[in-house]
Amino acid sequence: MRIVFAGTPEFAVPALQAIYEAYGGGLVAVVTQPDKPQGRKGVLTPPPVKEEAVRLGVPVLQFARIRDNISALAALHADLMVTCAYGQILTQDVLDLFPMGVWNIHASLLPAYRGAAPIARAIIGGERETGVTIMKTELGLDTGDMLLAASTPIYDSDDCGTLEERLSRIGAELIVEALEKIERGGAVLQKQGEGFTCKKVARTEVDFSRTAREVSCLIRGLSPSPFAFARAGGLTLNFWFAEEVECDADVPAGTVVAASAKEGLVVKCGEGAVSITELQPAGGRRMTARDFCNGRKLERGARFDQPVL
RNA sequence: CGCGGGGUAGAGCAGCCAGGUAGCUCGUCGGGCUCAUAACCCGGAGGUCGCAAGUCCGAAUCUUGCCCCCGCAA
């Protein structure tokens with residue numbers, strides 16, 4: 001079986017490795033997004049999947065638009081393609097190139113959280129469980145028939161980074177299992193029910209008038225990027241992690257009810273409060289609440305600005 | 001030339017504008033209090049102030065060059 005793997009970010013790397021391990025030379029090419037300028041310096045940086053493919057010695061193809069490169073793909077004479085956070089919409093022309101189909105690894109329990117940023121969205125949505133689904137790719141966005149799925153709990157100790165890492169490993173195991181079924185010909189597909197599509201996430205200012213859980217989920221869902229942030233005392237803070245805590249203080253939401261090395265940084269919410277355990281001031285490095293409070297940039301009683309909605 | 005913040009004990013910061021004894025919170029070490037403690041009290045150690053040159057009687061502080069870190073935006 002000749003396989004093409006299409007993926008781009010870190011999330012897709014374990015799947016690439018797993019397929020390589022299982023099929024070796026059967027993995028005939030890796031398609032990934034072009035190198036892009038990164039950071040302040042604008043340094044041209046290859047996507048993680050490219051780096052791994054190069055390391056494995058698998059040929060890499062980088063198309064500005066995959067739909068404009070049908071002949072290059074056809075020349076691979078592949079039987080099947082696996083996609084995993086590739087980052088480009090496939091056209092029917094592309095799908096038709098693979099007799100054994102195009103299969104997608106999606107980081108949610110479909111039909112929930114179709115589309116972009118399913119991991120972050122699941123956390124922000126307060127879900128207690130999510131997972132990975134292997135589905136047949138069709139033209140609709142993540143609407144294809146499902147082959148396999150596996151779930152995992154979302155813990156209060158999870159942020160988007162930890163959950164993504166766990167899901168990527170689950171996805172890697174699942175795709176190998178799926179490929180075995182497909183190869184054997186015993187693949188039984190299941191139609192998706194009524195679901196919903198989520199949008200990609202953006203840097204978001206925290207509205208502390210929401211409940212402590214909503215605030216905590218927002219912060220964790222947007223960490224380690226693009227972050228939930230808030231402003232107070234002329235500072236802009238990116239929040240890396242927060243947990244819900246009890247709070248009976250009768251103060252307005254957004255008020256700092258504790259800011260000390262021993263108590264941490266606690267902010268009153270519409271209901272309850274959150275303890276910001278890790279954060280990053282603009283211009284500074286990521287630090288613990290303890291370190292931040294030692295610098296005394298915020299005192300108890302300070303107030304976070306209300307986001308302009 | 002995209003905009004901006006920063007580099008001062010192990011950590012996080014103040015001091016710089018108006019040059020003149022190195023400060024704060026925490027950690028750490030030692031002692032004390034206590035049934036006990038991450039609590040409290042007392043005491044100590046620990047810093048070429050990013051690097052280099054310049055101005056000056058004197059530079060963390062002013063001038064110039066360089067290195068490094070980071071936020072926003074792309």
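From a predicted model like this one, the values you see are computed outputs, not experimental measurements. When reading the values below, keep in mind they use all heavy atoms of this one structure, side chains included, and skip hydrogens, waters and symmetry mates.
Between A:Lys36 and the phosphate of B:A74, there is no side-chain N or O to OP1/OP2 separation shorter than 4.0 Å. Of the side-chain N and O atoms in A:Asn238, none sit less than 4.0 angstrom from OP1 or OP2 of B:C70. Within the structure, every side-chain polar atom (N or O) of A:Gln280 is placed at least 4.0 Å from both OP1 and OP2 of B:C70. Applying the 4.0 Å criterion to OP1 and OP2 of B:G2, one finds that A:Arg40 has every side-chain N and O outside that range.
Relative orientation of the A:Tyr113 and A:Phe196 rings is perpendicular, given thresholds of 30° and 60° on the angle between their planes.
Atoms CG (A:Leu237) and P (B:G5) sit 17 Å apart, rounded to a whole Å. Rounding to whole angstrom units, CE of residue A:Met287 and P of B:G6 are separated by 13 Å. Atom CG of A:Asp291 is separated from atom P of B:G12 by 6 Å (rounded to the nearest Å).
Listed candidates were B:C72, B:G27, B:A11. Nearest to the side chain of A:Arg290 is B:G27. With B:C40, B:A11, B:C69 as the choices, the nucleotide that has an atom nearest any side-chain atom of A:Lys262 turns out to be B:C40. For A:Ala282, counting side-chain heavy atoms from C-beta on, the closest listed nucleotide (B:C13, B:A11, B:G71) is B:G71. Comparing B:A14, B:C26, B:A11 by their closest approach to the side chain of A:Ala261 singles out B:C26.
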Residues A:Gln33, A:Gln62; criterion side-chain hydrogen bond (donor to acceptor under 3.5 Å, both in side chains); working and verdict: CA-CA 5 Å; A:Gln33 293 274 48; A:Gln62 293 175 283; over 6 Å; no
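Nucleotide B:G27 has no partner under the Watson-Crick or G-U criteria, as no pair reaches both atom distances under 3.5 Å.
For A:Phe227 and A:Phe239, the ring centers sit 6.0 Å or farther from each other.
Both the sub-6.0 Å distance and the 45° axial angle are satisfied by A:Arg203 relative to the ring of A:Phe229.
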